[in-house]
Engineer: 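What follows is a structure written as structure tokens; I'll ask about it next.
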Amino acid sequence: MATIFSRIIAGEIPSYKIAESDKFFAFLDINPMAKGHTLVVPKQETDYIFDLDDDLLAEMTVFAKKVAAAIKLTIPCNRVGMMVIGLEVPHAHIHLIPIIKEGDMSLANPRVKLSKEEFEEIAEKIRDKVE
Ligand code: 5GP
């Protein structure tokens with residue numbers, strides 16, 4: 001059965017899309033740790049990120065770099081943190097999280113509640129800045 005992220009990539013489940021290439025897809029996390037929290041996923045369905053072949057993993061990092069640059073231009077932050085967990089959804093993904101301080105990367109932090117309109121506005125602003 002397709003993973004939830006494959007269904008998002010296929011457009012079967014809606015998402016706030018940020019960027020897409022032939023191999024990767026980026027969209028806002030639905031339960032964000034900060035405004036602009038974005039997930040970068042390979043279209044290839046692989047559970048564990050370190051099972052991706054070397055070239056795909058390297059390309060995924062470069063794709064994430066472009067998305068991170070657009071997030072940084074959009075959301076006031078000191079930098080964009082990059083995190084990999086992957087315990088909830090069995091489809092490799094990188095979290096890109098705008099942060100001010102180290103503690104902003106803590107999973108113990110409460111999540112940010114956003115309306116559909118706020119998600120749409122953030123996605124549009126980031127999307128416009130992806131090179
Ligand atoms: P992890 O697998 O790295 O522990 O976390 C998975 C992440 O995917 C979580 O931050 C969660 O909020 C996000 N997520 C799970 N299901 C969906 C979904 O259907 N849409 C979106 N946009 N994000 C999701």
Side-chain angles (χ1 to χ4, degrees):
M1 209 176 95
T3 68
I4 192 152
F5 290 168
S6 287
R7 297 184 64 203
I8 285 173
I9 292 164
E12 293 168 20
I13 294 175
S15 70
Y16 302 99
K17 180 176 160 180
I18 300 293
E20 181 172 11
S21 73
D22 56 335
K23 294 180 185 159
F24 306 105
F25 195 89
F27 56 102
L28 294 180
D29 194 298
I30 205 66
N31 196 16
M33 290 171 65
K35 281 186 182 177
H37 180 169
T38 298
L39 301 175
V40 172
V41 307
K43 290 185 175 176
Q44 176 187 304
E45 239 182 41
T46 296
D47 176 359
Y48 183 44
I49 194 164
F50 294 125
D51 284 336
L52 294 175
D53 79 40
D54 292 356
D55 287 344
L56 194 66
L57 180 58
E59 285 178 48
M60 187 173 170
T61 309
V62 174
F63 184 85
K65 178 181 173 178
K66 283 189 205 170
V67 175
I71 295 172
K72 190 154 190 306
L73 287 172
T74 308
I75 307 290
C77 62
N78 283 335
R79 55 185 56 203
V80 174
M82 180 165 129
M83 179 165 74
V84 174
I85 311 170
L87 290 174
E88 184 187 326
V89 178
H91 186 146
H93 52 282
I94 292 172
H95 294 256
L96 296 175
I97 304 160
I99 55 171
I100 306 284
K101 57 186 187 310
E102 190 184 307
D104 296 340
M105 294 289 280
S106 170
L107 293 172
N109 292 341
R111 301 296 174 117
V112 178
K113 295 284 170 227
L114 298 171
S115 66
K116 187 174 187 296
E117 290 71 28
E118 287 172 309
F119 272 118
E120 275 166 1
E121 190 187 343
I122 292 165
E124 192 182 333
K125 284 185 179 160
I126 298 173
R127 197 163 50 232
D128 284 351
K129 296 185 182 69
V130 177
E131 294 278 317

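Note that the structure is a prediction, hence the values are computed from the model and not measured. As the structure lists them, so they are numbered: ligands from 1, and atoms in each ligand from 1.
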Engineer: Group every Ile, Leu, Val, Met, Phe, Trp and Tyr by side-chain heavy-atom contacts under 4.5 Å, then state whether Leu39 and Ile99 land in the same group.
Structural biologist: no
Engineer: For Glu124 and Glu121, indicate whether the former's side chain and the latter's backbone hold a donor-acceptor pair under 3.5 Å.
Structural biologist: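 No, because the side chain of Glu124 does not come within donor-acceptor range (under 3.5 Å) of the backbone of Glu121.
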Engineer: Under a strict 4.0 Å criterion on non-hydrogen atoms, which protein residues are in contact with ligand 1?
Structural biologist: Ile4, Phe5, Ile8, Phe27, Leu28, Asp29, Ile30, Asn31, Leu39, Ile85, Gly86, Leu87, Glu88, Val89, His93, His95, Arg111
Engineer: How are the rings of Phe27 and Phe25 set to each other: parallel, tilted or perpendicular (split at 30° and 60°)?
Structural biologist: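 Ring orientation, 0 to 90° scale: tilted.
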Engineer: Would Phe63 and Val40 satisfy side-chain contact (heavy atoms from CB on, under 4.5 Å), going step by step from the backbone distance to the final call?
Structural biologist: CA-CA 8 Å; Phe63 184 85; Val40 172; 3.7 Å; yes
Engineer: Mind telling me whether His93 and Phe5 have parallel, tilted or perpendicular rings, with 30° and 60° as the class edges?
Structural biologist: perpendicular
Engineer: So if you build clusters from Ile, Leu, Val, Met, Phe, Trp, Tyr with side-chain heavy-atom gaps below 4.5 Å, do Ile18 and Val80 land together?
Structural biologist: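 In one cluster with Ile18: Val80, yes.
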